[in-house]
Amino acid sequence: MEQFQVAAVQPNGSNGLHLKNGASPVNQEFRRSWVGLNVDMAGGTRFHTWVRVGGLPMRETYSNGRTKKNYTYTDIFDIWLQQDIAAVKGLNVRVGKLKPLFSTDYITPSSAIVCVERSLVSAQYGLDSNWGVDVTWQPDKKNKLYFQLLANDRAATSKSTAHSDVYRDGRGVKGEFGWEDKCYAILGASHRYAVHEEGWQEVSAQYAHDFNNAYSNRRAPGANCYGIGVRDALSLGYDAKYRRLTFTANLIANFEMSGGHGSNNIGIQLQPVFSLSPHADFVLRYTGMTGDGACKLSADRYICTQTTADSWVDSVHAFYAGVDLYASAKNKNALKFMLGAEYLTARKGGADCYNGWEFSTAMRWSF
């Protein structure tokens with residue numbers, strides 16, 4: 001799986017906002033470079049892994065007065081062993097380095113997302129794979145229930161080499177099931193209904209709790225905070241398909257953000273997708289989030305690295321419109337070309353603190 005993308009940030013000058021001195025509004029990068037392996041064995045056993053190469057030295061970020069290129073890292077994104085439990089239909093257990101399954105957008109595989117980047121609603125958590133266990137029960141195609149327990153001890157989303165889980169030299173598979181940072185748990189469920197020839201509807205929910213000591217001033221001296229970034233979080237999702245229209249809605253609520261960034265926030269993602277033809281989709285997305293100093297604008301990939309925008313704000317509204325073009329109508333995610341434009345506005349302290357455009361295009365392939 002691979003993705004090459006180009007993005008340009010264009011802040012609205014009427015608000016006195018501008019690019020950081022010396023920063024470029026345009027970035028290009030190989031966003032994802034992955035190769036994976038599945039091995040299915042007798043007795044309902046599967047071995048799976050994804051190896052990724054990230055941070056190829058193309059993207060530029062601007063910090064501490066200078067422009068920097070990304071450093072390259074290689075790691076194993078996930079590596080796990082799954083065992084079907086024969087005594088219970090649809091029950092399986094996975095153990096290893098796992099992808100956390102939280103929020104409607106993040107649960108969608110990277111190869112299948114319809115926008116160039118995921119929404120701020122899901123990106124705010126900075127989720128990454130980690131060591132733990134997953135228990136999933138899926139008795140039929142309509143119902144699913146799962147529980148995950150994952151370690152907090154991992155590198156930050158910037159792959160900080162100051163932490164013990166060093167990615168730069170290829171030791172990302174090492175990790176630590178570090179009870180120094182404790183762990184977090186996710187409980188999720190989904191139910192599909194009204195299934196017919198022309199479509200279906202589905203509701204889903206996930207609840208996450210972080211056992212880290214970082215909340216309510218209970219953080220142990222010297223402890224890191226690399227978990228989900230919030231003590232308790234709830235995600236409610238709704239998906240529907242009818243003929244050529246697909247619609248996704250995700251409502252999230254977060255309670256007690258870590259790091260002193262406000263307290264709670266609430267957000268929503270609304271995303272209709274209309275099939276123009278077997279080879280083209282038209283995509284719209286609205287993302288809204290509000291919370292006193294608790295909305296993570298820096299979860300956007302480019303705005304806060306290239307402009308003077310604040311990392312944390314009181315509210316965010318983002319409107320995305322795009323077109324996805326597919327080489328294959330039968331396997332849309334094999335090779336697709338994506339064009340998107342998003343207008344984002346943010347407020348802090350009762351006043352506008354950022355608004356502007358972000359234009360992006362990407363070519364993504366997955367075989």
Side-chain angles (χ1 to χ4, degrees), residues 3-33 52-75 115-120 122-128 155-163 166-169 226 229 259-261 287 289 293-318 320 338-349 351-363:
Q3 176 176 330
F4 175 76
Q5 69 186 49
V6 179
V9 175
Q10 183 57 58
N12 187 340
S14 66
N15 286 270
L17 294 171
H18 52 79
L19 295 170
K20 293 177 180 177
N21 186 27
S24 169
V26 179
N27 257 294
Q28 60 178 337
E29 60 178 318
F30 279 98
R31 182 72 173 86
R32 297 171 175 89
S33 303
R52 64 181 173 183
V53 178
L56 297 179
M58 299 176 64
R59 179 190 171 194
E60 293 182 347
T61 58
Y62 190 84
S63 62
N64 299 322
R66 66 187 183 94
T67 298
K68 298 190 296 182
K69 294 280 190 179
N70 269 12
Y71 62 79
T72 301
Y73 65 90
T74 304
D75 73 345
C115 300
V116 176
E117 293 289 349
R118 302 186 193 271
S119 72
L120 290 176
S122 66
Q124 65 176 317
Y125 302 108
L127 293 173
D128 202 356
T157 53
S158 61
K159 303 294 185 299
S160 170
T161 55
H163 192 52
V166 180
Y167 283 75
R168 180 181 291 178
D169 59 4
Y226 295 134
H261 299 294
T287 306
M289 191 157 42
C295 300
K296 191 177 181 181
L297 182 58
S298 58
D300 178 272
R301 189 153 183 84
Y302 302 108
I303 288 177
C304 287
T305 63
Q306 307 304 110
T307 78
T308 57
D310 291 306
S311 297
W312 293 83
V313 296
D314 297 336
S315 65
V316 174
H317 299 278
Y320 177 100
M338 312 171 77
L339 291 166
E342 186 168 44
Y343 188 81
L344 186 146
T345 180
R347 292 177 63 84
K348 184 175 182 179
D352 287 347
C353 63
Y354 181 84
N355 61 66
W357 288 95
E358 188 169 13
F359 303 97
S360 55
T361 181
M363 180 174 289

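Considering E342, E29, E358 as possible partners of R301, the one that fulfils the salt bridge (Lys or Arg N to Asp or Glu O under 4.0 Å) test is E29.
The minimum heavy-atom distance between T307 and Y354, with the atom names listed, is OG1-CE1, 3.9 Å. Smallest separation of non-hydrogen atoms from Q5 and V116: OE1-CG1, 3.8 Å. Here the closest non-hydrogen pair linking L339 and Y320 is O-OH, 4.0 Å. When all heavy atoms of L19 and S24 are compared, the pair lying nearest together is CD1-C, 4.5 Å. Nearest heavy-atom pair, A309 versus C304, reported as atom, atom and distance to 0.1 Å: O-SG, 3.9 Å.
Of the possible polar contacts, one joining the D314 side chain to the G293 backbone as a donor-acceptor pair under 3.5 Å is found. In this structure, S315 contributes its side chain and M289 its backbone to no donor-acceptor pair below 3.5 Å. Counting only distance, with no hydrogens or angles, the side chain of Y62 and the backbone of N21 share a donor-acceptor pair below 3.5 Å.
From D310, atom CG reaches atom CH2 of W312 across 12.5 Å, with rounding to the nearest 0.5 Å. Here the straight-line distance linking atom SG of C295 with atom CD of Q124 works out to 7.5 Å at 0.5 Å rounding. Rounded to the nearest 0.5 Å, atoms CZ (R31) and CD (Q3) are 7.0 Å apart.
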List the steps, then state whether side chain to side chain contact (heavy atoms under 4.5 Å, CB included) holds for T287 with V316. CA-CA 8 Å; T287 306; V316 174; over 6 Å; no

If you apply the rule side chain to side chain contact (heavy atoms under 4.5 Å, CB included), what do you find for K296 with L120, and how did you get there? CA-CA 8 Å; K296 191 177 181 181; L120 290 176; over 6 Å; no

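Side-chain contact between D352 and N12 is absent, with no heavy atoms from C-beta onward closer than 4.5 Å. Q28 is listed as a side-chain neighbour of F4, based on a closest heavy-atom distance under 4.5 Å. No side-chain heavy atom of V9 sits under 4.5 Å from any side-chain heavy atom of D300.
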